[in-house]
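To keep things clear, I will list the structure first and then write my remarks on it.
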Number of protein chains: 2
Amino acid sequence: MRLGAAIGKMRGGGYKATPQRMAVLRALVEEQHQSLEEIRARCPEVGLVTVYRTLDLLGSLGIVRRLDLGDGARYELAENHHHHMICESCGDISEFEECPLDPERLPSGRADFEVRAHSLEVYGRCGACR
Amino acid sequence: MRLGAAIGKMRGGGYKATPQRMAVLRALVEEQHQSLEEIRARCPEVGLVTVYRTLDLLGSLGIVRRLDLGDGARYELAENHHHHMICESCGDISEFEECPLDPERLPSGRADFEVRAHSLEVYGRCGACR
DNA sequence: CACTAATTGAAAAAAATTTTCAGTTACGGA
DNA sequence: TCCGTAACTGAAAATTTTTTTCAATTAGTG
Ligand SMILES: [Mn+2]
Ligand SMILES: [Mn+2]
Ligand SMILES: [Zn+2]
Ligand SMILES: [Zn+2]
């Protein structure tokens with residue numbers, strides 16, 4: 001279970017698994033790519049500042065990723081492979097699983113850069129908008 | 001010449017090629033991934049509000065792209081293929097040319113999504129940081 | 001159950017971005 | 001080349017977003 005792993009990472013780092021943090025985590029599990037206000041709407045009992053701080057903490061633990069694809073900041077559960085399809089017409093963000101990357105052609109050995117994760121954003125028009 | 005094309009797009013859209021806009025464009029040509037304040041330092045004669053407005057306009061014309069890779073907003077000249085290498089240790093952002101994507105595996109035909117451009121971010125550690 | 005470092009949230013502060021509006025200017029047409 | 005005008009600019013003010021402060025509270029250890 002996703003939440004269990006997150007609790008483990010928090011405890012391991014000397015952080016408490018408070019009700020507020022759990023509430024924010026649950027909100028993140030419910031849906032990807034939410035804005036701060038959308039997350040907040042899912043846990044109105046948590047103070048604004050605490051939501052900011054929790055997102056920061058989860059970010060530093062590698063649990064959450066902040067992204068900005070044009071319209072303000074959004075948050076999502078982090079994945080090492082992350083592939084987005086973004087409709088430039090309606091703004092819809094969706095994810096797809098199959099990784100279109102050829103590992104051979106990544107800058108692994110080439111430049112001396114150690115690859116840990118990647119995020120691909122494909123821009124275009126979704127079916128509905130065509 | 002890059003600036004020539006940009007002027008064409010502005011005129012074509014009914015926008016004026018003002019000295020302020022040209023100054024911002026020149027700043028963008030000088031270096032990729034600059035913050036607003038870095039851009040502003042390169043054209044101090046342009047008012048803050050005008051820089052914001054120019055970046056918006058150039059963005060809507062597809063000339064400039066705004067990105068946020070962790071530390072605040074940054075701006076760059078747009079490319080249909082864009083490949084970033086981001087060091088999670090020192091925060092350095094660099095670009096690489098060779099496209100590691102396999103077009104076959106892009107969600108082109110698969111989902112009915114019409115691909116127009118893409119941006120790949122590879123996260124890891126740069127040579128200097130290892 | 002007590003202790004304490006970690007956490008919370010309201011208020012205030014700071015930073016980032018947008019709106020307003022009166023004055024200025026680029027540029028197409030005469 | 002000169003005019004008319006829609007487009008543009010920038011200072012100030014407003015708004016939005018994010019961070020800091022600090023006194024009160026609490027999770028988790030022993
Ligand atoms: Mn995602
Ligand atoms: Mn770039
Ligand atoms: Zn769409
Ligand atoms: Zn580095």
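No hydrogens, no waters, no symmetry mates; every other heavy atom, side chains included, goes into these values. Each chain gets a letter, A, B and so on, in the order its sequence line appears, and its residues count up from 1.
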_Spacing of CZ belonging to B/Arg125 relative to CZ belonging to B/Arg130, to within rounding of 0.5 Å_ = 8.5 Å
_How long is the straight-line distance from OG of B/Ser35 back to CG of B/Asp68, given to the nearest 0.5 Å?_
11.5 Å
I'd like a list of close polar pairs between nucleotides 9-12 of chain C and the protein, N/O only, cut-off under 3.5 Å.
unit_1 : atom_1 : unit_2  : atom_2 : d
C/dG9  : OP1    : A/Gln20 : NE2    : 3.4
C/dG9  : OP2    : A/Gly47 : N      : 3.2
C/dG9  : OP2    : A/Thr50 : OG1    : 2.6
C/dG9  : N7     : A/Arg53 : NH2    : 2.3
C/dG9  : O6     : A/Arg53 : NH1    : 3.1

*With axes from five pairs an end, tell me the bend angle of the helix from C/dC1-D/dG30 to C/dA30-D/dT1, nearest 10°.*
50°
*Residue that, paired with A/Glu121, satisfies side chain to side chain contact (heavy atoms under 4.5 Å, CB included) out of A/Leu67, A/Ile93, A/Ile86*: A/Ile86
Could you tabulate the donor-acceptor pairs under 3.5 Å formed by side-chain atoms of residues 47-55 of chain A, not counting sequence neighbours?
unit_1  : atom_1 : unit_2  : atom_2 : d
A/Thr54 : OG1    : A/Thr50 : O      : 2.7

*asked:* Measure CZ/B/Arg40 against C1'/C/dA15 and give the value in whole Å, please.
replied: 13 Å
Please name all residues satisfying side chain to side chain contact (heavy atoms under 4.5 Å, CB included) with [X], sequence neighbours left out, ordered by chain then number.
| X | result |
| --- | --- |
| B/Ala78 | B/Arg65 |
| A/Ala41 | none |
| A/Asp56 | none |

Please set out all donor-acceptor pairs under 3.5 angstrom arising from side-chain atoms of residues 5-29 of chain B, sequence neighbours excluded.
unit_1  : atom_1 : unit_2  : atom_2 : d
B/Thr18 : OG1    : B/Arg21 : N      : 3.2
B/Arg21 : NH1    : B/Lys16 : O      : 2.7

*Tell me, do A/His83 and A/Cys99 make a side-chain contact under 4.5 Å, heavy atoms counted?*
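A/His83 vs A/Cys99: side chains touch.
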_Per the salt bridge (charged side-chain N to carboxylate O under 4.0 Å, His left out) rule, what does the pair list look like for residues 87-97 of chain B, sequence neighbours excluded?_
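Every salt bridge (charged side-chain N to carboxylate O under 4.0 Å, His left out) pair that includes a residue of residues 87-97 of chain B, provided the two are not neighbours, is A/Arg116-B/Glu88.
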*Please, which pairs that meet salt bridge (charged side-chain N to carboxylate O under 4.0 Å, His left out) have at least one residue in residues 38-49 of chain A, sequence neighbours excluded?*
A/Glu30-A/Arg42, A/Glu31-A/Arg42, A/Glu37-A/Arg40, A/Glu38-A/Arg74
*From the 5' end of DNA chain D to its 3' end, which nucleotides mark the outer limits of contact with chain B, defined by a 4.0 Å heavy-atom distance cut-off (strictly under)?*
D/dA6 to D/dA12
Check nucleotides 27-30 of chain C for protein N or O atoms closer than 3.5 Å to its own N or O atoms and list the pairs.
unit_1 : atom_1 : unit_2  : atom_2 : d
C/dC27 : OP1    : B/Arg11 : NE     : 2.8
C/dC27 : OP1    : B/Arg11 : NH2    : 3.0
C/dC27 : OP1    : B/Ala17 : N      : 3.0
C/dC27 : OP2    : B/Arg11 : NH2    : 3.4

*asked:* Restricting to ring pair (Phe, Tyr, Trp, His ring centres under 6.0 Å), what partner residues turn up for A/His84, sequence neighbours left out?
replied: A/His33, A/His82
